[in-house]
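For the numbers below, each heavy atom of this structure counts, side chains included, while hydrogens, waters and symmetry mates do not. The shown structure was predicted, so the numbers you read here are calculated from the model rather than taken from an experiment.
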Amino acid sequence: GDINQTANAGSIASTADIISRSNGANGRAGDITLNAGTSIAVRDVITEGNSTTATQAGHATLSAGTTLAVRNVTTRTNSAANGGTATITASGNIAFTGTIDTTSRDGNGGAASMTSTNGNVVANNRFIRTWSRTANGGDITVSATNGLVNLGTGNNAFADSRGAVNGGQTGNAGTITITGNTVTAQRDFLARSGTAGGTGGAVNITANTGNMRVRTVDTRGSGAAGDAGDITLTAPGEVRLDETIFANAGATSGTGGDIAITAATTRLAGNTNTQITSTGGASGGTVSISGDVRMDRNKTITTGAAGGNISIGGGIETTTGGNRDLTITAGVGTVTIGGDIGTTNARRTRHTTITGSTISLNNITTQGNGRITLNGDVRLLGDTRLDAHGNGNVTVTGTIDGTGAGGQNLIIDPNNRDAILGGAIGSNTRVGAVTFTGNANRTVGMVDIFTNGGDVTVGQHARLNAYTTIDTLG
């Protein structure tokens with residue numbers, strides 16, 4: 001039956017486990033409710049259905065007026081019934097030292113939440129599991145809006161809301177929401193759908209102050225048509241990504257999840273090359289990074305061939321030493337870089353490749369024989385210099401135009417290599433002065449150029465097409 005214990009003006013403490021378990025077919029474990037006016041300090045709270053024949057778990061609810069300490073909370077079921085919910089709330093600190101398990105064998109996983117209104121939530125290297133083996137995962141919520149959320153560090157999953165974790169099944173994942181005044185979350189967050197299909201769950205992690213550091217975030221939708229869940233990471237300082245952020249969808253007709261990172265700096269760390277990815281058969285999701293980007297190694301940001309727009313509000317540099325390759329691929333989507341790529345001499349990228357239907361940018365400076373390759377039409381956000389500072393070609397496959405009223409100046413400097421242009425300059429929106437610099441013994445493949453009165457200066461061998469127009473009348 002149900003277990004209810006209430007201490008309106010006092011505390012609840014137990015060194016023994018609190019258990020309501022059903023082992024029989026078609027049975028149901030009772031709910032467990034603990035309500036204290038002050039503190040709760042208990043060991044394991046277990047309400048589970050153990051039989052494989054329609055045995056239901058109960059719900060676990062723990063509410064403390066001050067602090068709350070608990071080891072394990074289990075509301076799982078080993079049948080086709082749904083897992084029970086686990087709800088933990090306190091006004092003060094919450095110390096969680098075990099595992100919350102609301103999983104279900106063949107039903108839906110139950111929802112799990114921990115909320116402190118005025119204290120901290122400490123779950124250092126602990127686990128919350130709401131997955132289902134063959135159905136849908138449950139939602140996970142951890143909140144300490146006026147305090148610290150400390151999930152610890154490690155190469156394992158803190159939150160696992162996957163759908164249909166058993167191979168070859170269809171199931172939707174639950175959402176994962178982490179909110180704290182400060183957040184320590186160097187863990188994995190898994191909200192992937194079943195391998196045969198289903199929708200990935202959204203992951204939202206917000207730190208109101210300071211920095212954030214996470215490992216893998218996975219909201220993939222699977223099968224042919226499964227859509228991915230969205231990913232939102234927010235911190236006023238630095239958001240550091242130690243592993244890949246996945247929001248990929250089904251390869252035939254799925255839509256990738258949107259990825260939004262709001263921070264002063266986003267650091268692409270760790271050993272993985274493809275760091276941010278949102279692809280899908282129908283389209284990729286949008287990737288939006290509000291501030292600057294710093295790269296520890298060669299890094300790729302992609303929304304795949306079907307494309308989703310990619311925008312970076314600030315500039316892009318390596319963390320130290322330079323000589324790191326940057327690849328941004330938006331397919332038929334657009335790419336917008338609000339700041340410069342490679343401003344600081346020691347932190348310039350090497351080979352820089354950007355692909356999109358339209359690429360809007362400022363300056364790019366590479367080093368170490370780094371190439372600049374822009375696969376798409378280019379729009380100049382300001383006076384722009386494309387400078388392959390070592391010995392790399394500068395290649396633009398599409399047109400180059402100004403923005404707004406036009407008049408942005410353009411310098412293309414491949415140094416000891418060639419400038420390779422695939423479309424006209426200024427044919428849609430006229431640019432300002434156009435200058436080709438570099439080794440005079442190298443070549444520039446000339447195209448039609450239209451300026452609004454700016455000069456055109458060619459400091460390399462000009463390789464003309466049969467008809468080349470240079471119009472500086474404006």
Can you name the side-chain hydrogen bond (donor to acceptor under 3.5 Å, both in side chains) partners of [X], sequence neighbours left out?
X	value
Thr403	Gln408
Asn323	none
Thr437	Asp413
Ser283	none

Partners meeting salt bridge (Lys or Arg N to Asp or Glu O under 4.0 Å) with Asp418 (sequence neighbours left out): Arg442

By salt bridge (Lys or Arg N to Asp or Glu O under 4.0 Å), Arg347 pairs with (sequence neighbours left out) none

How would you list all residue pairs meeting salt bridge (Lys or Arg N to Asp or Glu O under 4.0 Å) that involve [range], not counting sequence neighbours?
range	result
residues 355-368	none
residues 144-161	Asp160-Arg162
residues 119-146	Asp106-Arg133
residues 350-375	Asp325-Arg350

Using only heavy-atom distances, determine whether the side chains of Thr349 and Thr352 contain a donor-acceptor pair under 3.5 Å. yes

Here's a test for you: under side-chain hydrogen bond (donor to acceptor under 3.5 Å, both in side chains), which of Asp377, Asn309, Thr358, Thr286 qualifies with Thr334? Asn309

For Thr429 and Asp401, what are the C-alpha separation, side-chain angles and deciding distance, and is it a side-chain hydrogen bond (donor to acceptor under 3.5 Å, both in side chains)? CA-CA 5 Å; Thr429 302; Asp401 284 288; 5.0 Å; no

Applying side chain to side chain donor-acceptor pair (under 3.5 Å) as the test, list every pair that has at least one member in residues 298-308; sequence neighbours left out. Gln275-Lys299

For residues 185-211, the side chain to side chain donor-acceptor pair (under 3.5 Å) pairs (sequence neighbours left out) are Asn156-Arg187, Gln186-Asp242, Asp188-Arg215, Arg192-Asp218, Ser193-Ser222, Asn204-Thr232

